Amino acid sequence: MDYNFSEIEPKWQQFWRDRKTYHVENDSPKPHYYVLDMFPYPSGAGLHVGHPLGYIASDIYARYKRLRGFNVLHPMGYDAYGLPAEQYAIQTGTHPAVTTVKNINRYREQLDKIGFSFDWDREVRTCEPKYYKWTQWTFIQLFKHYYDNKANKALPISSLKERFAKQGTEDLDAACTEPMNFSADEWDSWDEAYQQQVLMNYRLAYLADIPVNWCAELGTVLANDEVVNGLSVRGGYPVERKLMRQWSLRVSAYAQRLVDGLEQLDWTDSLKEIQRNWIGRSEGAAVWFPLDVKSNENVLPGAQAYMQQFDPQPVPSFEIFTTRPDTIFGVTFMVLCPEHELIDRITTPEQKAEVEAYVSWAKNRSERERQAEVKKVSGVFTGAYAINPLTEERIPIWVSEYVLAGYGTGAIMAVPAHDSRDFAFARHFNLPIRQVVALEKDVVSDPTTWTESMDAKTGYSVNSGFVTGMKVKDAMKAVIDRIDDMGIGHKTVNFRLRDAIFSRQRYWGEPFPVYYKNGIACTIPEECLPLELPDVSEFKPTATGEPPLGHAEKWAWDEQNRCVVEKIKIDNKNVFPLELSTMPGFAGSSGYYFRYMDPHNDEAYFSKEAVRYWQNVDFYVGGAEHASGHLIYARFWNKFLFDLGMAVKEEPFQKLVNQGMIQGRSNFVYRSKADNKLFISKGLIKNNNDVTPIHVDINIVSNDVLDIDKFRAWRPEFADAQFELEDGKYICGWEIEKMSKSMFNVQNPDDLVARYGADTLRMYEMFLGPVEQAKPWDTNGIEGVFRFFKKFWRLYHDDKNNFCVNDTEPTKAELKVLHQTIKKVTEDIERFSFNTSVSTFMICVNDLASLKCNKRSILQSLAVLIAPFAPHIAEELWHLLNNESSVCDASWPIYDEQFLAEDSFKYPVSFNGKMRFTIDLPADCSQDQAISAVKEAADYQKWTGGKEPKKIIFVPKRIINIVC
RNA sequence: GCGGAUGUGGCGUAAUUGGUAGCCGCGCUAGACUUAGGAUCUAGUUCCUCACGGAGUGGGGGUUCGAGUCCCCCCAUCCGCACCA
C-alpha cells in the first residue's frame, strides 16, 4: 500500500500531543481569535458522522487562523449534566456520574481519531464541582441583583433595599413579578420575612408561584423551549400546565436588549429572525376599561377591592393590552382569559353556573388538547359589562380560552372587524361586528357580509370619532395621546419571551446554593462554594413526592456554614433545609465559553486579564436547534455578567454558523411476499405490492450493492436467503430518514477512519456540501476523496513508494496552478465555503499530475494549504520536505494577485478543463478590433498553434473570452 | 395562518457575484494494463436527434447587448413560531 494513513495518522497525533502543539496561552503578541463549538452532551450512543461536521469545519477555520498568525483559542468540553444519564440510572441503578465519565471517555476516543486541534488542557465538564462552582456563583449574583429599567442594567439588591427604606417604590422602574406600590414607612413597618418576600418580587433569580410545564412522566418542570407541541423534547412525554413554586430567571428583564443586541451580530438573518420571533416584541397600548357600575352593582364591592390594589381610581377598571389602539371605536366585546382573577368577582348570579363550568373545563384541559383544537371557538358570557372609555358604550365581557393568561394582562378588547380571532368568536356567538378601518377613505362595506376580518395595519380610520379619516398609523398615535391625557392608558411594549423556569425536580444537575431559614430563601456564602451534589440512595422522587435530593443523607445547612446530616434538623433548630431541586441543563451551558478562557482559576469564574485578552467568542459553530434555548440564555447570562462589569463584550458570540443536520440514508432489501426466503433486487421488482421493504444495515451495503454473504450472516432468519440478482448484484433501495439505530442507518465515524483515514473523513464531510445545509449522509462518494489522497501521495512518491521531489525552479505554468489554488482556497475559507475548497484541491492535484510536477517549493506551499483540512498528510509531507518543525507552525502562503492577473492570457492553465483566455481591452474597443487584437497576440499563437477559436465572447466593458 | 429559506444533470454540488450553465466528485459507458481486481490510467457522459441542429437552471412575465444570478406573480419542498391581542 502506498498511501498508508493508518501509519501516518497515529504517528502525527502522538507528535502533536508530545509537543503540545495546540496548547494556547492567554497572552501573546499575536492577535487573538476564539473559535468555539457547541460542546456536546455525551450520550451513550457515541458520535455519529453528523456530530463532527461542525467540529471539522471549526477545526479547519481554527487551524487556518493559526497559520495566518493568530493566537487561537479552540477548546472543547462536555455538557455533562442531563436527563438521559439520570433516566438510565433509574432503570439500572448505575450512578449518572459513572455513565457520564464512561460516555465522555468514549467521545474523547472518537474525537481524538479525527485529528482535532483542541487545547485539551482547557477541557471543562459542567458536572465537575470546580466548574459548577461558578454556575452556582452566577446564580447567587442573579439572586442578589435586580433589573433597573431606568439605569437599564442589573443593580445590587442591597441598593434597592436602601431605596425602599428611603423612598419606597416612588420613582422606581424595575423589572418585577407583580407591580407594587408602597412608601418608606410601610417598608419600615414590615418584618424581615415580608420584606424578603417583597425583594423576591424583584430579584433576577426569584422564587414564585407560576404556571409551569409539568411533565409527570419525567417528574419535573420544563422550560418553554424544552416543550414542543405539548410534549417534552426529551422523551416526548405529555406536559401539563400547573401552578408551582419554582425558581425562575428574569430573562424578560433583558428582552429589549436581547432584541437590540441582534443587530450588531454576524449571524444569519433566519437565525436572528427566529430569536426575534421568540422574544416577540410588540408595541401597543395599555388601556384601562372601567366596569359598568350600574349593571354590575351586585358584584362591585369585591371587584372594587381587588382592582384598587393596582389602581386607586374611584371607578373600578381593568387593564388590557392592544397593538391596535386605533381600532378602539370598533370594540364590541371584551374577553378575559379563564385564569383571570376578575372573573369570580364580576360574574352575575345568572351566569355563575355556566361560567364556572367553562372555567373548570378550560383549566383541566391538557396543553396538547388545547393546542390541537386551536381553531375551535369556545367561550362564555359573564353577564357583566365594561364601558368603552372613548365612546362610553356598554360592552359585554366574555371569557375564552383564546385569550392567554401568560401574555399581556390576560384581557383584551375585541375588535372583530379587524382581528381574525375576534372575528371568528363574534361569528360563533353572534356578536356585532363594526368596521372602523377602510382601505380607502370613507369606503365602508357591511361587515355582516365579510368572510374574514381586515387585519392589515393599512388604510384609514372610519366611524371612529376624532380619528375618523386619519391614516391607521396616525390614528394609533392620536388614540394613545388621548388615553394618556385622560389618564386611562399609555403606550407600552409587550414581549412574548417569558422568564426561564430554573428548577428541575431531578438529581443529575447543579444543586442550588440555597437553604431555607424559617421559610426564607437564603444563598450560602460564596466562600462555601461549590455546594457539592450529594450522593443519594435512589434517583427517583421520595415517597413524599420530593425531588431525589430528598434521599440524601447529608443535605442541610448549619449555622457554621456546613453541609450536615438532615436528621439533625429534628432536634437542632440551627440546621436549615437545603433546596431539593437542581438546575436545568442550560445552567451549565450558558457561560461555559467564559470558563475556557481561564479554566483552572479557583479564585474567580475567569480572571480580568483573561477576559480582556480573549473578549468574546469570535466564531461559534453549532446547530440551529439551540436558537430559542441556549443561544437566548447564553446571551442573557453574558449581558448580566456585562452589567456586573465582568464581561467586556455585551454579546457572547460575534459570528455564528449553524451547521446543517446530517440525516441518515437507509438501505432496503425487498422480500417477496410470495416466498419469504426470496429477496428481489430493486430493479427487478414489477409491482411494489409483491414485496416488503426491510431496513438493512448500511454497513453491509456498498454503493447500494448488498454484500450477500454478510447479509446471510447478519441475522439468523436470513441465513438461507435466496436472491434474484441483476447483473450478478443485489441492488438495494434507499430513503432519507433520521439517523437512528432502529433504521440501521447510523454511520459511525470510527469505521470510516479505520477504512479511509481521518483526513479522508474530514475532507469528505466538507465535500458533502455547504456546512450550513442539511443533507443526508451518503458514503458513496467517499471513494473519490480517498482517490484524491492517493493521487496526491503519488505526486511525490515514485513507483516503489520512495519519496521523490524535484528541486528545480517551478515553471510559470506550475506557479500559476499554485497561485490559483492559494487564492481560491484562501477566499473559500474566509467565506466558510469548504466544499468548494476541497474541489479546488482536487483540481490542483489533477493539474499538477498532468504537468508531472513534483517541485519542492510547490509541495511546500501545498502542505500548508491543505493542513487545515488534512492535517496528518500535510504534516507527513512537511516532514518529508523539511525533516523538522511542524506544519502547524508554518505560515499561510500568499498568492501574487498581479501575477495571476497579468499572466492570465499567457498561462491559460485553467480550472474548468478547457482553455480560456481573458484579455483586457480599451473601453471603447469594438468587437472586431478586440478579436484581431487577441489573434495577433504572440501568446495566443504559442498556446493554440494559431488555431481558429471555437467561440469568442465579446464583453463590451473590456474583456474578451476565447474558448479553444 | 405568520415568518425565514430553498428549487440547477441519474445523484451530491459548482458558476469569476450580471458575462461559456453544469467545475469537482459519485455513478454510468467504452478502452488500456493486468492471472485477477472493489487497483491504476485514458476517453466520454445535461436532454432530444444517426446527424445537422435544437431545448435547457420549478412555472409564467419583466429589466438588460446579455439573467441560474436582479424585479413582479404563481407552484413545490424544508425549517421556525403558532390563538402572543
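Heavy atoms only: backbone and side chains are in, while hydrogens, waters and symmetry mates are out. Numbered from 1 within each chain, the chains take letters A, B, ... in sequence-line order. Keep in mind the model is a prediction, meaning the values are calculated, not measured.
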- Any chance the rings of A:Phe841 and A:Phe869 have centres within less than 6.0 Å? yes

- Residue-level proximity of residues 491-500 of chain A to RNA chain B when a heavy atom falls under 4.0 Å: A:Arg496, A:Arg498

- Mind telling me if B:G9 is syn or anti? Syn here is a glycosidic angle within 90° of 0. syn

- Task: Determine if the base of B:U17 is syn or anti; take syn to mean the glycosidic torsion is within 90° of 0.
- Result: syn

Touch class at under 4.0 angstrom, heavy-atom based, for [X] against every strand present:
{"X": "A:Leu404", "answer": "base"}
{"X": "A:Asn846", "answer": "sugar-phosphate"}
{"X": "A:Val403", "answer": "base"}
{"X": "A:Ile412", "answer": "base"}

- With sequence neighbours excluded, tell me which residues meet ring pair (Phe, Tyr, Trp, His ring centres under 6.0 Å) with A:Trp361. A:Tyr358

Using a cut-off of strictly less than 4.0 Å, decide whether [X] has a side-chain nitrogen or oxygen near OP1 or OP2 of [N].
{"X": "A:Arg794", "N": "B:C41", "value": "yes"}
{"X": "A:Ser282", "N": "B:A85", "value": "yes"}
{"X": "A:Arg276", "N": "B:G80", "value": "no"}
{"X": "A:Lys790", "N": "B:A39", "value": "no"}

For [X], check salt bridge (Lys or Arg N to Asp or Glu O under 4.0 Å) against everything at least two apart and list the hits.
{"X": "A:Lys823", "answer": "A:Glu827, A:Glu897"}
{"X": "A:Arg276", "answer": "A:Glu273"}
{"X": "A:Asp419", "answer": "A:Arg421"}

- May I ask which nucleotide in the shown strands pairs with B:G56, Watson-Crick or G-U wobble, both distances under 3.5 Å? none

- Output all residues satisfying side-chain contact (heavy atoms from CB on, under 4.5 Å) with A:Asn846, sequence neighbours left out; order by chain, then residue number. A:Lys791

